Amino acid sequence: MDEPRSRKDAARNREAVLAAADALFARGESPADITMADIAAAAGVGKGTLFRAFGDRAGLLRALYESRLEPIRKAIEAGPPPLGPATPPRERVPALLDAALCLKLDNRSLALALEEGGSSTSPYRTEHYERWHRMLQGALEQIPGLTDGGFTAHALLAATRADLVEHLAAGEDVPRERMRAQLADFVAKVLTSHPPHGRAAGE
């Protein structure tokens, strides 16, 4: 087989695997029950194809998550407000957290699988978490008077953890829009404790 055709086949197989994994996680009740063999069968490829393309289950989960994150990443890096870089930090921080929450809500099983068993390292050392933390910390540190941006970013991101989102959505039946409103209120309270320069909290 010539090299260009081989690359096309590999790319086609990759897309088929991601689509199959996406469908399985979207309808699966237990992310842990979805195996590489299940995904290979659904995609119509051999297990060897999965391991060659993604390395292991964690690599497949990361690739699938990145594909779902891509539109948000583009909006954050070069898009208009409220996510884009020109947005004032007090508006951008809640928008970033709302985007993180909506991503988890739209991909509950996938997000849960990624956070619970998608990596052998600490969830706080994964590439996707460090990226969110870095973006949020950068926005927080632009807020005058806020001197603990790193910790505050960790604390705010904790409110969007997949296990918490799953508990609220499935365990407490909290509607999507209510959850978004609760997060917005929480973020507003945190930012209110660091009022704009020259103003006291509560003014």
Side-chain angles (χ1 to χ4, degrees), residues 14 17-18 21-22 24-26 28-39 50-77 83 89 92-143 146-172 174 179-180 182-183 186-187 189-191 194:
R14 181 183 176 88
V17 168
L18 290 176
D22 195 18
L24 287 173
F25 280 110
E29 294 184 2
S30 176
D33 292 340
I34 299 171
T35 67
M36 292 288 270
D38 294 330
I39 296 169
L50 267 68
F51 287 105
R52 284 192 296 273
F54 303 101
D56 56 16
R57 187 173 185 271
L60 173 57
L61 291 176
R62 287 192 297 269
L64 182 54
Y65 184 84
E66 287 297 322
S67 72
R68 305 309 296 267
L69 178 63
E70 183 65 12
I72 299 174
R73 186 187 64 78
K74 288 182 178 179
I76 290 171
E77 291 181 354
L83 287 176
R92 198 181 192 201
V93 167
L96 287 170
L97 288 159
D98 183 65
L101 174 62
C102 288
L103 182 66
K104 303 288 180 68
L105 286 167
D106 290 340
N107 302 276
R108 282 165 50 187
S109 291
L110 172 61
L112 200 59
L114 189 62
E115 289 186 9
E116 287 186 343
S119 174
S120 59
T121 62
S122 163
Y124 302 103
R125 293 293 185 185
T126 58
E127 182 180 353
H128 70 273
Y129 182 87
E130 289 184 340
R131 182 186 302 144
W132 278 108
H133 182 267
R134 188 166 53 248
M135 290 187 299
L136 192 58
Q137 180 178 354
L140 287 164
E141 289 178 344
Q142 295 177 45
I143 297 176
L146 197 153
T147 58
D148 53 355
F151 173 80
T152 303
H154 282 305
L156 290 173
L157 284 170
T160 69
R161 276 188 57 89
D163 52 0
L164 175 60
V165 171
E166 183 65 20
H167 171 73
L168 293 173
E172 297 187 7
V174 179
M179 206 181 303
R180 293 179 68 192
Q182 288 173 329
L183 177 62
F186 173 60
V187 176
K189 289 174 182 176
V190 171
L191 297 185
H194 297 85

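Bear in mind the structure is a predicted one, so any value in this text is a computation, not a measurement.
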Inspect the contact between R134 and E130 and indicate whether a charged nitrogen and a carboxylate oxygen are less than 4.0 angstrom apart.
no
At what distance, to the nearest 0.5 angstrom, does [atom1] of [X] lie from [atom2] of [Y]?
| X | Y | atom1 | atom2 | answer |
| --- | --- | --- | --- | --- |
| L164 | L112 | CG | CG | 11.0 Å |
| L114 | R57 | CG | CZ | 9.5 Å |
| L69 | R131 | CG | CZ | 5.5 Å |
| F186 | T160 | CZ | OG1 | 10.5 Å |
| H133 | L156 | NE2 | CG | 9.5 Å |
| L168 | L183 | CG | CG | 10.5 Å |

Exercise: identify the closest heavy-atom pair between [X] and [Y]:
| X | Y | answer |
| --- | --- | --- |
| L83 | R92 | O-NE, 2.8 Å |
| A170 | R108 | CB-NH2, 3.6 Å |
| L96 | A139 | CD1-CB, 4.4 Å |
| F25 | A113 | CE2-CB, 3.8 Å |
| P94 | L191 | CD-CD1, 4.2 Å |

Anything under 30° is parallel, anything over 60° is perpendicular, the rest tilted; go ahead and classify H154 against Y124.
perpendicular
Is the closest side-chain heavy-atom distance between [X] and [Y] below 4.5 Å?
| X | Y | answer |
| --- | --- | --- |
| K104 | E115 | yes |
| F54 | R14 | yes |
| P89 | L146 | no |
| M36 | F51 | yes |

Does E66 CD have over 12 foreign heavy atoms under 6.0 Å away?
yes
Please name the residue in the list D98, L140, T152 that meets the side chain to side chain contact (heavy atoms under 4.5 Å, CB included) test with V93.
L140
Quick one: which of I34, L64, L103 gives a side chain to side chain contact (heavy atoms under 4.5 Å, CB included) with L110?
L64
Given the rule in the side-chain contact (heavy atoms from CB on, under 4.5 Å) test, do R68 and D22 qualify, once you have shown the distances and angles that lead to the verdict?
CA-CA 9 Å; R68 305 309 296 267; D22 195 18; 2.6 Å; yes
Worked verdict on Y129 versus L157 for side-chain contact (heavy atoms from CB on, under 4.5 Å)
CA-CA 9 Å; Y129 182 87; L157 284 170; 3.9 Å; yes
